[in-house]
Amino acid sequence: MARVHVHADRDVCIGAGLCVLTAGAVFDQDDDGIVVVLDEHPSDVAAVRDAVANCPSGALSLTEEG
């Protein structure tokens with residue numbers, strides 16, 4: 001089974017926080033409101049896919065490994 005890898009481009013993040021609201025176990029925000037990835041290989045892939053789809057800045061991406 002392939003693992004999913006989460007990537008966040010912090011340079012384009014606008015700090016909207018939708019990723020944290022959608023998948024709080026995978027994403028957080030730093031003191032400036034910029035996304036932080038807590039789990040690069042999450043088990044709740046559906047929530048992460050929703051977070052990626054709803055990211056207004058397009059800062060989040062997923063890749064399949066394996």
Side-chain angles (χ1 to χ4, degrees):
M1 180 176 191
R3 282 193 335 170
V4 173
H5 181 262
V6 179
H7 175 73
D9 186 344
R10 291 174 46 88
D11 291 334
V12 299
C13 178
I14 61 172
L18 295 176
C19 56
V20 178
L21 294 172
T22 305
V26 178
F27 302 106
D28 198 359
Q29 290 177 289
D30 65 13
D31 290 340
D32 295 321
I34 305 301
V35 65
V36 175
V37 178
L38 301 174
D39 184 358
E40 292 183 358
H41 301 284
S43 58
D44 187 357
V45 177
V48 174
R49 287 190 197 283
D50 286 345
V52 169
N54 291 314
C55 178
S57 63
L60 306 176
S61 63
L62 293 175
T63 54
E64 300 275 335
E65 296 179 340

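Contact between P56 and A16 at its shortest, heavy atoms only, is CG-CB, 3.7 Å. Smallest separation of non-hydrogen atoms from A8 and V37: CB-CG2, 3.6 Å. Between A51 and C19 the shortest heavy-atom distance is CB-CA, 4.0 Å.
When hydrophobic clusters are built by joining Ile, Leu, Val, Met, Phe, Trp and Tyr residues whose side-chain heavy atoms come closer than 4.5 Å, directly or via intermediates, I34 is not grouped with L18.
With contacts defined as side-chain heavy-atom distances shorter than 4.5 Å, the pair F27/V6 qualifies. Counting heavy atoms from C-beta outward, E64 and V4 have side chains that approach closer than 4.5 Å. Here the side chains of L62 and R49 are in contact, with some heavy-atom distance below 4.5 Å.
None of V35, V26, N54, D9 except one satisfies the side-chain contact (heavy atoms from CB on, under 4.5 Å) rule with L60; the exception is V35.
Looking at Q29, its side chain does come within 3.5 Å of a backbone N or O of G15 through a donor-acceptor pair.
Atoms CG and CG, on D39 and D28 in that order, are 12.5 Å from each other to the nearest 0.5 Å.
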